[in-house]
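Chain letters run A, B, ... following the sequence lines, proteins first, then strands; residues in each count from 1. The figures here come from the full heavy-atom set of this structure, side chains too, leaving out hydrogens, waters and symmetry mates.
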Amino acid sequence: MTSGVSRAAPLLEKIALNPVQKEAVLYDQGPQLVFAGAGTGKTRVLTAKIAWLIRHKNVAPGRIFAATFTNKAAREMQRRVEDLADLPCAGLWIGTFHSLCARILRREALRLGFPPSFSIFDADDQLACVKKVAKALSLDERTMPPRLVLSAISRYKNACVPPAGLAGTGKSFFESEIIRAYGAYQESLRAQQAMDFDDLLSNCVYLLRDNPNVLQKYQSSFSHVLVDEYQDTNTAQLHLVKLLGAAHGNVFVVGDDDQSIYAWRGAQVENILTFEKAFPGTKTFTMEQNYRSTGPVLSFANAAIEPNTMRAKKRLWTGRQGGASVAVIRYRDDRHESESVCDAVNKCVQEGVRPSDIAVLFRTNAQSRLFEDSMRKRRIPYVLVGGTSFYERREIKDCLAYLRLCVNPKDDISCQRIVNVPPRGMGDKARERLEVRSRELGKSLLQTILDDPETAGYGRGQKGLLELRDIFALLADLIAQQESPHELLTQMLSLTDYLTMFEGEDSEEAQSRIDNVSELVNAVSFWTEENPGKGLSDFLEEISLAADIDRWEQKADSVNLMTLHCAKGLEFGRVFIVGCEDGILPSRQNFDDSAKIEEERRLFYVGITRAMDGLAVSHADQRWRFGSCIPQTPSRFLAAIPRELYEYVDKSGVFAGEERKAPKARLREPAAESQEPAYRHEDFSQETVQFRMGQHVQHKLYGRGKIVNLSGFGDDMRIIVLFNDGARRKMMAKFADLETS
DNA sequence: CCATCACCACTTTTT
DNA sequence: GTGGTGATGG
């Protein structure tokens, strides 16, 4: 051990660790549980641990299996590990459970009766598939809404309960019907050679559980298993950790039960609370020193989480001195809230806070709209994380469906999506006919179209079907010639005349759809360049497993708008938590259940603990929902926090133009802490702010285009503009000489 | 038989 | 504000 420590020196010098953190990194006697409160350096420990293993324990990167919560976190961690260990770590198995499982499943697919190129179904596809199955089983839509059926199926899968053993075990008509649907749904997926998100985990568990030689292969292949955000793991993930870690016991998990916010999708806090039982001989480390937040923010956080009963008692503390008090602000209505918050954001920026260090957090995506409006009005650059993400837009999903069919012709859900897009005369009747025919032939929809488009009965759809057959025949040729994903996409667009569908109408909506498609073309060609040697199916997998947060780049100097869920694991200088009202936070749908209320409280806690220097929490007296104005009451969570822990500012009686009479806004930079990275004040002029993502610009030489990327600020701001001629040009904002329209 | 328009119930959070 | 569904017109 002594020699270990001295050899540790180079690495430990590069990263400051407190005694508990250091102990956790150096310990090597089996299972480890690290209870890491918010802001206590969880990521730091995990990163140092991996680097330590590689650099000083001579563990090959390929023998480390590390599960993070997002792909973005994985990328960042890999970068930091490489930096710390001073070695490239290309072989490291690091990623979300879903992408790690996908990686294993692609290799072993044949053992499960899937081709390695199996499709991955996202939430939309899942729902479409459930609907299809429900129709085939003639389930009543009223009593068995597809969403409900899907979530029940998801629960079974998260618990690793396959449909086989369930037949006849239903305790009610409802349950029996669900079980029936579950079986049929799985069959449908298999026929389409597809797995949904949940399958990635559960199939991986079945694979390891039922194939001793495969299990042995992966058990001996990985010598260490590490898991971040362990409080948000579900039963399937627990099984995986057990299966992979059982042989050597080198299991290292980090988490915080107070930040468990995913029980609704099957996560079990019990996993972290009973870790020691699952892994006998576990050594537990507890980190309670918070390095992130000021005293007032931390006291507020501690008080906020205090009422929860189902938690391991702990209390965070900070060595940071001073700090502005937390502000709780009351507004008249939601509009007033968004306008005032944006004013406050502006003020922060004028004080020298970088926009990217500011976040506005809300409970539901629907709340973002007002803030976007208010930000735009003030020309404050912002990034919205989440909402309907780029890859979920209709036009994008259409394009991807074509590409997916190229990779997997059995993907009926994708085929169904595009048979009549763009419209080619395939109505309900013709589609039904096609489906019957495909069942008769025992072939997939696309295969039926390719083999047998002439059978009578398609009516007006006949012509369209022949078109479709030719399109896919041509695309198949391109695939055979190993054409790049980029080539396939552009060919597909021209073969189908996809864009003319929108070119006819002159709405802003149609224009934005066209823009989105050309952005997809760009993304594909960019990806093709970045990933030489990888194919279309790799691209599609990456897209379906990417979360919104994965595409988020904080460096674009913009204010961040996101849901509380999205904010997990991040930190910001100034945080605004908005819409803190009963019915929103906590959500009305969780009123009935105390366990769910506790989860909502943890969500609130997660939001609070994102803040480093300043926190403002707001609520409004009334809010537009369902198209009418509804009176709101402040969140019960606020009521439970002692009054002396925050400054209450009532702006509900203040009208526009009178803001100055209102009590002084809080969120002032504490004098002692103004160590913000150098930020030249004069740089944040209108000139800098004039550019934002998605903005249309005009260039003397290149013509009209759209900003697709922003980075840096002031004189250093760089932008990437996608011009209408299809070219993508990087330029310095300072010299670009663009006209904004 | 298909496409378009008007109207309806629903929106929590996401890998 | 929207998306899925139902009536009507082409």
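In this entry the distance linking CZ of A:Arg588 with C1' of B:dT11 reads 14 Å, nearest Å. B:dT14 atom P lies 16 Å from atom CG of A:Asp198, rounded to whole Å. Atom CD in A:Gln367 sits roughly 10 Å away from atom C1' in B:dT12 (whole-Å rounding). Atom CD of A:Gln237 is separated from atom C1' of B:dT15 by 9 Å (rounded to the nearest Å). Atom pair A:Arg424:CZ and B:dA3:C1' shows a separation of 16 Å (rounding to whole Å applied). The nearest whole Å value for the distance from the CG atom in A:Leu545 to the P atom in B:dT14 is 16 Å. When the P atom of B:dT14 is taken as reference, atom CG of A:Leu570 falls 13 Å away, rounded to whole Å. Taking atom NE2 on A:His565 and atom C1' on B:dT13, their separation rounds to 4 Å, with Å as the unit.
The shortest distance between the side-chain N/O atoms of A:Asn590 and the OP1/OP2 oxygens of B:dT13 is not below 4.0 Å. Contact between the side-chain N/O atoms of A:Asn365 and the OP1/OP2 oxygens of B:dT14 is found at a separation under 4.0 Å. When the side-chain nitrogen and oxygen atoms of A:Thr563 are compared with OP1 and OP2 of B:dT14, one or more of them lie within a distance under 4.0 Å.
In summary, the aromatic rings of A:Tyr262 and A:Phe69 are positioned with their centroids under 6.0 Å apart.
Of all heavy-atom pairs spanning A:Asp122 and A:Phe197, the tightest one is CA-CE1, 3.9 Å.
Of the candidates B:dT14, C:dG1, B:dT15, C:dG1 carries the atom nearest the A:Arg369 side chain, counting heavy atoms from C-beta on. Closest contact between the side chain of A:Arg363 and the listed nucleotides B:dT15, B:dC1, B:dT12 involves B:dT12. Of the candidates B:dC1, B:dT12, B:dT14, the closest approach to any side-chain atom of A:Lys429 belongs to B:dC1. Listed nucleotides B:dC2, B:dT11, B:dT14 differ in distance to A:Gln589; the shortest reach to its side chain belongs to B:dT11. Listed nucleotides B:dT14, C:dG1, B:dT13 differ in distance to A:Thr364; the shortest reach to its side chain belongs to B:dT13.
A perpendicular orientation is assigned to the rings of A:Tyr331 and A:His336, their planes being inclined by more than 60° (bins at 30° and 60°).
A:Phe97 comes within 4.0 angstrom of no nucleic acid atom, judged by non-hydrogen atoms across all strands. Using a 4.0 Å heavy-atom cutoff across all strands shown, A:Asn420 reaches sugar-phosphate atoms only and no base atom.
For DNA chain C, each stem of at least three Watson-Crick or G-U pairs (distances under 3.5 Å) is given as range with range: B:1-9 with C:2-10.
Side-chain contact of A:Ser99 with A:Asn71: a donor-acceptor pair under 3.5 Å is present, judged by distance alone. Side chains of A:Glu108 and A:Tyr218: a donor-acceptor N/O pair is present below 3.5 angstrom, by distance only.
A salt bridge links A:Arg636 with A:Asp582: at least one charged nitrogen is closer than 4.0 Å to a carboxylate oxygen. A salt bridge links A:Lys397 to A:Asp125: at least one charged side-chain nitrogen sits closer than 4.0 Å to a carboxylate oxygen.
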List every contact pair, protein side and nucleotides 8-10 of chain C side both N or O, where the distance is under 3.5 Å.
none

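Under the 6.0 Å distance and 45° angle rule, A:Arg513 does not count as a cation-pi partner of A:Tyr498.
For the atom pair A:Tyr182 OH and A:Tyr156 OH, the distance stands at 8.5 Å (nearest 0.5 Å).
Residue A:Tyr262 and nucleotide B:dT13 are not classified as a stacked aromatic pair, given the requirement of ring centres less than 5.5 Å apart at an interplanar angle below 30°.
Not counting sequence neighbours, the partners of A:Glu600 by the salt bridge (Lys or Arg N to Asp or Glu O under 4.0 Å) test are A:Arg363.
With the nearest nucleotide of DNA chain B identified for both A:Lys596 and A:Arg431, A:Arg431 has the one nearer the 5' end.
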